[in-house]
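Worksheet: one structure, shown below.
In this text the structure is predicted, and so the values were computed from the model without any measurement. Within every chain, numbering begins at 1; the chains are lettered A, B, ... in the order of the sequence lines, protein sequences first and strands thereafter.
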Amino acid sequence: MDSSIEFTTAYPLWIVILGALLLWMGFLWKEWQGWADQHFWLHSLVSLLAVFALAAIALRPALSHKTEDAVVLQTDGYQESQLDSLMAAKPGLEPLVYVPGKNIREQVKDVSTVFVIGDGLASSDFGQIADKNVVLLPNKLPQGVQEVFYSNQLVAGDTLSLSGYYQNTGRNSTLVLTDGTGTALDSIVVHQAKKTGFQLKTVTKTAGNFVYRLLEKNGTGEVLRQEPIPFRVHEPEKMRVVILNEFPSFETKYLKNFLAEEGHEVMVRSQITNKKYKFEYLNTSQMPLYRLTEEVLANVDILLVDTETFLGFSRSTKGILDHAVKNGLGLFLQPSERLLTASSNHLSQMLSKVNGPKSATMGLLGSKVEKYPFTIGRPTQATEMQIGTYGVVFQQGQGRMATTILRNTFQLKLKGESDTYRQIWTSLLESVAKQEQATIHFNDHTNFAFLGRPFTIGLQSQKSPKMQHGDGYLIAVSQHPENREQWSATTIPKKIGWNTVSVEQDSLATYSYYVMEPNHWQTVQRFQRNRVNRRFFANGNKVEAMNVVYREIPLYWFFMLFLGCSAYLWLYPKLGR
Amino acid sequence: MTTEFRYLNGLVAKWRTLHWLQLFLLALGTGLCVLFVTQNLIWASFWFTLTFAVFAILKKPWKLSLKQLCRTLDAQLPILEYSTELLLQNSKDLSVVAQLQQQKVAERLGRVKQDIRLEHRLGLFGLIAVLLAGLGYGLYRAGVTLDFSPAQTKVPMENNISFIPMDAVDTLTKAPTLTSQQVHIRYPKYTKLAPKVSSEMNIQVLEGSTVSWQLQFDAPVDTVWLQIDEDSQPMKNNENVFSIAHQVQNSAVYNFKFQDGTGRHYLSEVYALQMMSDVPPEISIPELRQFSSFEYDQPAILQFTCKITDDFGIADAAIVATVSKGSGESVKFREARLAFDDQIAVGAKTISLNKQIDLKKMKMEMGDELYFYVEAKDAKTPRPNIARSETYFAVIKDTLTDVFSVESTMAADLMPDYFRSQRQLILDTEKLIKQRGKIKAQEFNFTSNELGYDQKALRLKYGRFMGDESEVVGSSEAVQMGSVKDGGLDAYTHDHDGDNEHHLVEEEHDHDHDHDHEHDHDDGNTAGNGQGQADPLEAYVHNHSDPEASTLFAKSLKAMLKEAMREMWDAELYLRLYEPEKSLPYQYKALKRIQEIKNSARIYVHRIGFDPPPIKETKRLTGDLDKIGNVRRISEPELEDNAKHIKYALKSLDPIFAKGTVSKEEQHLFVNAGNELARLAIEQPGKYLQALQYLKLLSQAEDISDVNFKLLAQQLYDAIPNKPIAPKQGRVPANTMNQLFLEQLSIHGQ
């Protein structure tokens, strides 16, 4: 007999056997009269059968059974022609319509092979046929966007950059990024009939929730589909900037005005004579700046110092500064010839003095900016980076240090080239500014929410978060088994439009997501499902040519046996011998 | 009077009537034509009367007489035997034959009365009248009309002001509708433009114009307001015709709001009132160079034609001239306002004016400069626009322009060449020195010689102002001293012209002469040989005999110049000897001397307007900083966001759309957003009017169902300016793994 028995119970086998043995032992002890006569043996056998029946009920044995039956699972997007040809090739094939989430175990329990046609199963249903021989026969994907990536949490002024892959079957198809009311912001023409990458960009103006559209047009300009691009724009955070100068300078004057006009809090201390200073507080209240202490630096995002001040720091101040930088403070050194030629390991490695031009051309308009006669070489270590071709930044713990070889950039302002000035200082200061450590940080990658379908929100938090939907109900959050600070919460959206969830810890963090109709982003969904199915069913998940199925022995047989044996054992003393 | 006579009288009257009727028909046709074309009865009547009168004078129907009639009848009816005139006469005055003929004609006349046809062209004139009327009607139907009516304006359907109810609509009661809307524009008087009437509510007017609106409704209306920018003014009611006037000083957006008899409010669309400014006049003076110079011996006359144009008329134009005399700190200015040679036609929009300026008549001398520009005013009231042309310069060249002037007085740099020459010589010499060894010796020597020549030329120029005509100047002292010492006969001569007269005074000699040796030794030229004492009076005496003293400069200046020349001489010497390295120090010294000369000739004048406080000598330079404190400055220079409320409004649209109502706070927000948007709408009229309309509704109306939120959101988003790039703080998750990673990175990176 080449069939085998398998127990389908959740209980471990040894416990059931041990229990059965103990039970039988107890029964034998009860029957033992001091001698082993015929009745004793008969009763022992009957009790063994009863215990056996009980154990079988607990263990649920199943007998193996060879089969060559197969079904064809019709998933979304399957083609009739494919189904017909499959049915013709394999007579006796049972068609089965797949509905996501529906239990199909009963229908497939006696089959050995499952043919999957169409886009494939939802990943949550893989387990239903994981033990079968699965043959995947996917469709050719239609024209449309297959993958799309963009950050859905931006800051006002950031660029919304939408990139992805487009499967083009026609010629000269066009993708247009429009705002919520149809105004075109960017577009691209896909000329060739193949899978092509694309990128569309636009600059955000103000904070709020926005739903842009991605239009697909064919070669004749006919709109094939419109897909929503929801994203949220936050207000920019203002920085606290402290500038320490040995003497007032024009460069600092224009820089502080630039930062203050953007709303940042700026504090300037410049020395006007021996031990006499000028303190300026822009957009902020007064704060003592005589000495740098840990308390002072804890609230500062960027510290700008000139060479003389930096080189004049005492050892204790340098220690405090070093500690603050390692804790996240950004330190920008306003350059001078003396600084750039100082025997500093980092700088001397990265900069080389040249007898070259003392000006650089920058920006789209080719603005001329004065610079020190240095060039910046390639970064030598992983902690050193370039800011364009005019600045260097070093990572020091959590914080960064940076400097530049440009000088007298305020001349750009005087010449009216404010845009170039802005670009230079934005890149310099952003590369070094202290980054706000968010205790709760929501993942901002592309993540579409569809009505009635599970939607997973990922977040990072050092403590266990409690998430609540805007409608008042709580959403369970699960922790990543390996990364203890990574959490995820899955909810099923119930209403279309913007929804909000909030997480409260030390502060309230909210996350808004846009729920759309399930018929949006069909091509992306199909491609993703297709890819997931290919990966799952092509990576050895199917068991080798499993054509054996197990059928559970009906339990009522064991119950009948147990009942009979119990009845005999119970009635025998009553009816007499 | 016989019956026939009376009959003939009647005929003539009829004939005259027919002729009058002709004229009447013609005039009627003309009148009808004019009436159809102009739609104006007065004009039609005028033309009717004019036509009637003109043709009456031409045709003179009243002159049709009995005799004419008789002649006509005779011509028409041969049976009357040309004797009809006999019927006009008294039979008693006629002869018997005439009486018989008279009776015969009378009898025949009676028989042929039916055949009498009076000459007239009534049909033709009638036809002309019909044609004229038909022409007028045809022109009217074709839309070719002349509007002479100042009052009534038909309102084209598309210009109608439409009102939207602000409150919940009660469908049973009919809202009052507008039957007439007019905008009267009265331009400022100085423009001489005729008033304009229109029904188009988006208007462009000139600054200072008065705009009046008139609205008439078909049903009684309580109050009508004109809401312009942030003001809401009630309009005057005159029998259900509402009117208001407004003087335009800036561009604005406006709308109307009215309250009907049941207390419901209605809001109109938003319209743009665009103000155009009166531009200043434009002045052009072609064919006149900006810098003109004249030689002193030539006529210094500037002749030019100035063309001035203005949009509404020029009121005045003149030339503002400034003459400057002298140079340096002693310069004097004299300003004058000159009129043009031509009369200015006040009110003309384009004028061409000629002017001839004779610099010498303006009492200008050599070296004086004239700056002038044309100033024009237009007719604008109350404050006219004033325009200026470019400034033109004219100068009478001075013969001494080549004399070095220590200061430049004109805007153009007219530094004398030689001031740059010495410096240039130094640069060229240094350049030559660097090329030693790189170029051929011959070339090197040649260049050195050339530089020596240039140095000589420079020295000669300086020498000219020293009063020296020869080259022998500035030579080494040894030469001069030698000549003095070598003079063996000096002991025996009276040398009063030489330099050592003082020696004569002291020297004892035994020849006697009549001369009075006690000269007043005031020649003053003791500095030439470096010996002797200074004469105390030499600074105060004019010495015209001594060439050494014949210079424009003070004595010390002359000495410095002599030294400079001496240095130049030595520099030239070494350059000629092909040793430029040795000449350089002398060149530097010469330059230094020249600079000292330049500085010494300066006059420093006390600066007017600022008297620095006197420095306390006791505190100065002590280095005591106790009283000097730190400086603290607090400010908030954050740039104001001109679209702040627009951004808030944009954010609020979705929730308001969802709930369908607007709260009081949100209404206030939309008012502010509307004000911000209005500023943009004024700059770009037509672009944001629809959004303004919706914002008005949201800020005032209860019923917001007419608001197109999508369009409003789009226009509000468009109105927000692009955010320029600016630094901002990044945000990262507080991730332990990241922190550990960075720490390890920095450890291993060291």
Side-chain angles (χ1 to χ4, degrees), chain A residues 155-157 179-183 203-209 236-239 257 259-264 272-283 285-286 301 326 381-383 395-398 419 422-423 425-426 429-430 433-441 460 462 483 485 498, chain B residues 623 625-626 628-641 643-644 646-648 650-655 658 708-739 742-750:
Chain A
V155 174
D179 64 11
T181 52
T183 307
V203 178
T204 56
K205 281 192 206 176
T206 181
N209 294 336
E237 298 285 340
K238 304 295 181 195
M239 297 189 289
N257 287 342
L259 291 170
E261 284 168 5
E262 291 299 323
H264 300 292
I272 48 179
T273 183
N274 189 23
K275 291 180 189 162
K276 302 293 175 190
Y277 300 93
K278 180 180 176 188
F279 297 94
E280 291 179 86
Y281 302 94
L282 299 104
N283 299 328
S285 53
Q286 287 193 40
D301 296 320
K326 284 188 174 140
Q381 296 187 27
T383 53
Q395 190 79 34
Q396 295 264 83
Q398 305 290 322
D419 286 341
R422 279 177 171 272
Q423 280 173 13
W425 281 105
T426 300
L429 294 175
E430 279 188 351
K434 182 194 241 179
Q435 307 219 300
E436 191 191 331
Q437 303 277 322
T439 51
I440 298 161
H441 178 86
Q460 296 186 46
Q462 288 175 329
N483 185 352
E485 291 175 1
W498 285 99
Chain B
L625 299 172
D626 288 344
I628 297 175
N630 295 318
V631 177
R632 276 190 174 74
R633 196 165 73 95
I634 303 174
S635 62
E636 294 200 8
E638 185 175 357
L639 284 179
E640 200 183 327
D641 188 355
K644 184 171 77 171
I646 293 177
K647 289 178 187 172
Y648 289 147
L650 186 62
K651 269 193 213 168
S652 315
L653 287 182
D654 269 344
N708 184 341
F709 282 87
K710 197 171 168 181
L711 181 65
L712 177 60
Q714 178 195 3
Q715 294 204 341
L716 286 179
Y717 192 77
D718 278 348
I720 297 171
N722 283 332
K723 202 168 162 47
I725 186 171
K728 50 189 174 297
Q729 194 175 23
R731 203 175 148 94
V732 292
N735 192 316
T736 312
M737 205 180 286
N738 280 351
Q739 289 165 5
L742 288 170
E743 279 168 25
Q744 290 300 312
L745 208 58
S746 56
I747 289 168
H748 293 289
Q750 287 167 2

- Query: Among A/Gln437, A/Gln398, A/Glu436, A/His441, which residue meets the side-chain contact (heavy atoms from CB on, under 4.5 Å) test with B/Val732?
  - Reply: A/Gln437
- Note on the structure: Correct closest heavy-atom pair for B/Arg632 and A/Tyr281 would be NE-OH, 4.3 Å
- Query: What part of A/Leu282 gets closer than 4.5 Å to chain B, counting heavy atoms only: side chain, backbone, both or neither?
  - Reply: both
- Is the backbone N or O of B/Ala734 less than 3.5 Å from a side-chain atom of A/Gln462, with the two atoms forming a donor-acceptor pair by type? yes
- Message: For a 4.5 angstrom cut-off between non-hydrogen side-chain atoms, does B/Pro637 reach A/Asn257?
- Response: no
- Query: For B/Lys728, what residues pass the salt bridge (Lys or Arg N to Asp or Glu O under 4.0 Å) criterion, not counting sequence neighbours?
  - Reply: A/Asp158, A/Glu430
- Query: In terms of heavy-atom pairs under 4.5 Å, which option from A/Pro236, A/Ala433, A/Ala156, A/Ser285 contacts chain B the most?
  - Reply: A/Ala156
- Query: So which of A/Gln435, A/Glu261, A/Gln460 has the largest heavy-atom pair count under 4.5 angstrom toward chain B?
  - Reply: A/Glu261
- Find the one option among A/Leu259, A/Thr206, A/Asn483 whose heavy-atom pairs under 4.5 Å with chain B are most numerous. A/Thr206
- Message: If you compare all heavy atoms of B/Pro727 against all heavy atoms of A/Met239, which two are closest, and at what distance to 0.1 Å?
- Response: CB-CE, 3.9 Å
- Item | Most chain A-contacting option - heavy-atom pairs closer than 4.5 Å, from B/Lys647, B/Gln714, B/Glu636 | B/Gln714
- Query: Could you give the distance from CD1 (B/Ile725) to CZ (A/Arg422), rounded to the nearest 0.5 Å?
  - Reply: 8.5 Å
- Message: Would you compute the distance between atom CG of B/Leu742 and atom CD of A/Gln395 and round it to the nearest 0.5 angstrom?
- Response: 5.0 Å
- Query: Can you tell me if B/Gln729 uses its side chain to pair, donor with acceptor, with the backbone of A/Asp301 under 3.5 Å?
  - Reply: no
- Minimum heavy-atom separation for B/Arg731 to A/Glu237, with atom names? NH1-OE2, 4.5 Å
- Query: Is there a donor-acceptor pair under 3.5 Å between the side chain of B/Lys651 and the backbone N or O of A/Ala207?
  - Reply: no
- Task: Can you measure from OH (A/Tyr277) to CG (B/Asn630) and round to the nearest 0.5 angstrom?
- Result: 8.5 Å
- Item | Between B/Thr736, B/Ile628, B/Asn722, the one whose heavy-atom pairs under 4.5 Å with chain A are most numerous | B/Thr736
- Query: Quick one: side chain to side chain contact (heavy atoms under 4.5 Å, CB included) partners of B/Tyr648, sequence neighbours excluded?
  - Reply: B/Lys644, B/His645, B/Leu669
